[in-house]
**Q** 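Please find one structure pasted underneath; my questions will follow.
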Amino acid sequence: MYQYDAIDRQLINERVDQFRDQVRRWKAGELTDDEFRPLRLQNGLYIQRHAPMFRIAVPYGMLNAAQLRTLAHVARTYDRGYGHFTTRHNLQLNWPKIEDVPDILAELAKVEMHAIQTSGNCLRNITTDQFAGVAADEIIDPRPLAEILRQWTTFHPEFAFLPRKFKIAISGTQEDRAVTWFHDIGLQLKLVDGQVGFTVIVGGGLGRTPIRGQVVRDFLPWQDILSYCEAILRVYNRYGRRDNAYKARIKILVQALGVDAFRDQVEAEWAHGKDGPMTIPQAEYDRVAAHFTAPAYESLPTVDAGFSAKISEEKAFARWVDRNTHAHKVNGYAAVTLSLKPQGIAPGDITSDQMDAVANLADQYSFGELRISHEQNIILADVRQADLYDLWQQARAVGLATPNIGLLTAIICCPGGDFCDLANAKSIPIANAIQARFDNLDYLFDIGEIDLNISGCMNACGHHHVGHIGVLGVDKNNDEFYQVTLGGRQGNAAKLGKVIGPSFSAGEMPDVVEKIIQVYLDNRHEDERFLDTFDRIGIDPFKNRVYEGRAHGKAKAAAKEIA
Amino acid sequence: MSQLIKQQALAVDTWKMLEIADGETPETVPLPEGDILFPLAVWQARKTEIISCHKRIGLILQPDEPVEDIAGDLDYFIVIAVNFPKFVDGRGYSTASLLRQRYQYQGELRAVGDVLHDQLFYLKRVGFDAWVLKDGKDAVNAIQTAFSTFGDVYQASTSQPEPFFRRRAA
C-alpha cells in the first residue's frame, strides 16, 4: 500500500501543529465557537450527544497492521477501548476529550494516518471497493488514482468552504461495490480501445433527498481526472446553494440546472484547465502505482486438499467459507471478511483487543495489510486457502467469525440516537433485536442473500435507501418510529427502495422483518434471492402481509402523512 | 481601526468602501473623492464618470458577483476587494482564482469582511495579497504564523502554479 514520502509526512505533521494551535486559541477565547467549528470539523471532531465524536480517515479503506495497532492504542488510551467503522472508510471514536485530539493526531501521524477533512463542508475521504487489487472482476486497480485524488483533495485551497460536504467514490470493477451512483462524484474506471479512463457520475446522494447520480461524461482519460474534478468543484463552489443546508449538495444544483446544462458549464470551465498543470503525468501515476504492486504470492494449486477436507468435516467452517470468503484473482488465495456484525454488538464496532488480534492475523496470513468495507467489516485480502482453517479458528476465538456476510444479520447501521446528535431514533437496538430474532443459522442461510440497512435519521449514514430492506428512524411527536423501504440496492443497477407504508414502533420491527421474510419464503422460486422475488411479485404482497389486521383508517392517515 | 495586512506587515489603509444609503441607487449615489472601492453596480452604471474623475480606482465584489462581468475592465483597477460576508462562504476563493489565473489580474487583491487567521493561508494560495483582518483579532500573531502553516502544497494554485507532482525531484 501507499507509503508516505517527505512531503506527505511534512504536511500531516504541520497539520497536527496547526490544530494544536487552533485548540489553544479556542481555549484562550481567541477563537469563538463559531469560528472554531469548521476548523475542528475539518479535523474530524464533532461535538455530540455525550461527548465529542472523532472521525479518523482510512483513505480508500486501506490499512496496515501497524496502523490498526495504533488505532487500538488510541481507542484504549484516549477512549473506552473500542471504535466504530463507518460506511465511508472511517473509524469513529465516541468518547475522546477535545483537549486530547492534538495528541491523538500526533500519534496517528506517526503511522501515516490523519483525520483531515473527515467532516465539514469540504472534500471528504475518497472511498472505493474493499476488494481493490484482488477482485476477480477487476478492470483497473482504483487505488493509485484514489491516492492521487486523496493528495489533490488534501488542503485544496479553493474548495475548503463549499456549500456542503462533498464525497467522491471510485470503482474499478465490473460490478460496482463502491456505491458510485450515490456519491457527489462517482468515478467508474473502464478500458476503452486500450485507454484507461472514467465514466464520471455527478449529483448522486442518499440523505434527505436521495437521488441517483447522472453521467456527466461517459469517458474521461485518467490523466484528466484532477482538472475535470476542479471544473466540477468550481462550478459547484460558485453556484451551489448556500441559503439552505438541505438544498446545498451538488445533487440539488444538478437537478436545478438539468444535467445537460450542468455538463455544459463543467465542460466550459474544463476547457480552461484541460491539458494544464493538473494533468497527471505518467511518471506520477507510475510512482504511486508502484506502491500497489501485488504482494509476493506463492504459486499454489487452485484447490488445497487439506482445505477441502476441512470443509467436508466441519459444517461451521464450511458455512464461514461460504459466506465470508471471496474469489481472488490468484490461484489458491481467497479474500476473507471478518464480520463486525455478531449478534448483540453495534454493527461496525470493534474493541481495541480485537483490533490487535486482527493486526496479528494480517501479519500472519495476509501480508500485513487489511481493508475496511463500506459495509463496516474488515477484509484480509490475500489469504492462502491452506491457511483459512487456522485463520477461522483464531478469528472465531475473538468473535470475528460470524458467518453472516451478505445475510440478513450483517446489518449496515449508523450509530443512531444512542450516540449521534442528528438522529431521530436509535438504530443499534433495532439491529440487535433483528439479529436476535434471526439467530438460527440454518434459517439465516435458508433466507440467503439480503441487505438490511438501518439509519437513525434521513441523513442516511446507514444507507437505508439502498438496502433490500431499509429501515429509517423517524420522529413522531417525540416518539421513535421506523419507516420501512423495500427493493433498494447498490451495484450497477443501484436504485432506491420504496416505502412500504406507515411507520412502526421499535417493538414491532422484528415482527415486521419476519413477515417480510415470510412473504419471500412463501413466494420464492428455486434459486431466487429475496431481491429477485421482490422484483417479480412487487411490493403489494409484502404490504398486505405486514399491515394485515392493522387499523386501516389510521394506517391510511399515516400513509398520507408520509406522502 | 482597520487591520490591513500587506507584505507581511500592517499597512495604512487609504481605501474606503462606497456605501449606497437608503434612497440612493448606483445611478444617483454621489461619487466621493479619494481612494474608493466602488460596488460592481456603481462601476457598471457610472464607468465613464468614474474613469474621468478618479486616477486610482478600486472595486469591491460580493460573493455572487461573477468576475466574468468585469473581465474586460481589469486594467482600470488598482485594488479589487472580495467580500467574505461569512468566512464559511467559500465563493471568494473561486473569484480570486479566476481573477489571477484566467484573467491575469495584476493589481492588489484584497480579502475583506469576515477575514480570520485560519483562512489566510488558503486565501494567499488562491491569489490574495492583502487582507483586512477582522477587528479584535490578533494581527501580529497572524502575520507571524498564519501564512506559513504549511511548508509546501500538493495542488496547483495562484501562488504555486505547478502541482507538487511536477516539482518532485526526479
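Reminder, nothing fancy here: chain letters follow the sequence lines and each chain counts from 1. Remember, predicted model here, so these are calculated numbers, not experimental data.
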**Q** What part of Gln42(A) lies closer than 4.5 angstrom to a heavy atom of chain B: side chain, backbone, both or neither?
**A** neither
**Q** Step through the shown structure and confirm whether more than 12 heavy atoms of other residues, nucleotides or ligands are within 6.0 Å of OH on Tyr4(A).
**A** yes
**Q** Minimum heavy-atom separation for Val88(B) and Arg242(A), please, with both atom names.
**A** O-NH1, 3.6 Å
**Q** Where does Pro63(B) contact chain A at under 4.5 Å (heavy atoms): side chain, backbone, both or neither?
**A** neither
**Q** Glu284(A) versus chain B, heavy atoms under 4.5 Å apart: side chain, backbone, both or neither?
**A**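 Side chain only.
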**Q** Is it true that atom CG of Asp75(B) has more than 12 heavy atoms of other residues, nucleotides or ligands lying nearer than 6.0 Å?
**A**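 Check fails, neighbour count at 12 or below.
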**Q** Contact part of Arg37(A) toward chain B, heavy-atom cut-off under 4.5 Å: side chain, backbone, both or neither?
**A**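 Interface part for Arg37(A): neither.
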**Q** Please look at Asp64(B) and chain A and tell me whether the side chain, the backbone, both or neither of the residue comes under 4.5 angstrom of a heavy atom of that chain.
**A** neither
**Q** Among Leu116(B), Val126(B), Asp138(B), Asp89(B), which residue has the highest count of heavy-atom pairs closer than 4.5 Å to chain A?
**A** Asp89(B)
**Q** Rounded to the nearest 0.5 Å, what separates atom CZ in Arg150(A) from atom OH in Tyr154(B)?
**A**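 Atom-to-atom, Arg150(A):CZ and Tyr154(B):OH are 5.0 Å apart.
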**Q** Heavy-atom cut-off 4.5 Å, strictly under: side chain, backbone, both or neither for Asp8(A) against chain B?
**A**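 Both backbone and side chain.
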**Q** In terms of heavy-atom pairs under 4.5 Å, which option from Thr145(B), Leu123(B), Asp152(B) contacts chain A the most?
**A**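 Most heavy-atom pairs within the cutoff with chain A belong to Asp152(B).
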**Q** Does the side chain to side chain contact (heavy atoms under 4.5 Å, CB included) test come out yes or no for Tyr93(B) and Phe159(A), once each step is laid out?
**A** CA-CA 8 Å; Tyr93(B) 295 84; Phe159(A) 308 127; over 6 Å; no
**Q** Heavy-atom pairs under 4.5 Å with chain A - which of Lys137(B), His117(B), Gln119(B), Arg102(B) has more of them than the others?
**A**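 Max contact count across the listed options: Arg102(B).
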**Q** Would you find a donor on one side and an acceptor on the other, under 3.5 Å apart, between the side chain of Asn237(A) and the backbone of Gly90(B)?
**A** yes
**Q** If we ignore hydrogens and angles and just use 3.5 Å, is the side chain of Gln155(B) paired with the main-chain N or O of Thr154(A) as donor and acceptor?
**A**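 Yes, the answer is positive, given that a donor and an acceptor are paired below the 3.5 Å cut-off.
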**Q** Identify which part of Lys124(B) has an atom lying under 4.5 Å from any heavy atom of chain A, answering side chain, backbone, both or neither.
**A** neither
**Q** How close do Ile7(A) and Arg168(B) get, heavy atom to heavy atom, and via which atoms?
**A** CG2-NH2, 4.3 Å
**Q** Against chain A, label Ser94(B) side chain, backbone, both or neither, depending on which of its atoms sit under 4.5 Å from a heavy atom there.
**A**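 When you check distances to chain A, atoms from both the backbone and side chain of Ser94(B) fall under 4.5 Å.
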**Q** Counting N and O atoms only, with roles assigned by atom type, does the side chain of Arg166(B) sit under 3.5 Å from a partner on the main chain of Pro277(A), one being a donor and the other an acceptor?
**A**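 Judged by distance alone, yes, a pair lies under 3.5 Å.
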**Q** Can you tell me which of Glu230(A), Glu30(A), His272(A) forms the most heavy-atom pairs within a distance under 4.5 Å of chain B?
**A** His272(A)
**Q** Quick check on Leu233(A) against chain B: is it the side chain, the backbone, both or neither that has a heavy atom closer than 4.5 Å?
**A** neither
**Q** Could you have a look at Pro161(B), Ala146(B), Gly136(B), Ser97(B) and say which one has the most heavy-atom pairs with chain A under 4.5 angstrom?
**A**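 Heavy-atom pairs under 4.5 Å are most numerous for Ser97(B).
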**Q** For Lys134(B) and Glu35(A), run salt bridge (charged side-chain N to carboxylate O under 4.0 Å, His left out): C-alpha distance rounded to whole Å, both residues' side-chain angles, the deciding distance at 0.1 Å, then the answer.
**A** CA-CA 12 Å; Lys134(B) 191 175 177 181; Glu35(A) 290 164 355; 3.8 Å; yes
**Q** Of all of Arg25(A), Arg15(A), Gln18(A), which one pairs up most often with chain B through heavy atoms under 4.5 Å apart?
**A**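 With the most close heavy-atom pairs to chain B, the winner is Arg25(A).
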**Q** For residues Thr279(A) and Phe165(B), report the shortest heavy-atom separation together with the two atoms involved.
**A** O-CE1, 3.6 Å
**Q** Please determine, among Thr153(A), Asp5(A), Asn13(A), the option with the most heavy-atom pairs under 4.5 Å with chain B.
**A** Asp5(A)
**Q** For Gln10(A), is it the side chain, the backbone, both or neither that has a heavy atom under 4.5 Å from a heavy atom of chain B?
**A**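 Contact with chain B involves the side chain of Gln10(A) alone.
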**Q** Side chain, backbone, both or neither: which part of Leu11(A) has a non-hydrogen atom closer than 4.5 Å to chain B?
**A** both
**Q** Examine whether an atom of Phe87(B) lies under 4.5 Å from a heavy atom of chain A, and if so say whether it belongs to the side chain, the backbone or both; otherwise answer neither.
**A** both
**Q** Under 6.0 Å between ring centres, would you say that holds for Phe155(A) and Phe150(B)?
**A** yes
**Q** I need the contact set between residues 4-37 of chain B and chain A: heavy-atom distance under 4.5 Å, sorted by residue number.
**A** none
**Q** Determine the minimum heavy-atom distance between Tyr122(B) and Ala160(A), stating which atoms define it.
**A**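 Reported closest heavy-atom pair: CE1-CB, 3.3 Å.
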**Q** Dump the intermediate steps for salt bridge (charged side-chain N to carboxylate O under 4.0 Å, His left out) on Glu65(B) and Arg238(A), then the final yes or no.
**A** CA-CA 10 Å; Glu65(B) 292 175 339; Arg238(A) 297 182 74 190; over 6 Å; no
**Q** For Gln22(A) and Asp118(B), which heavy atoms make the closest approach, and how far apart are they?
**A** NE2-OD1, 2.8 Å
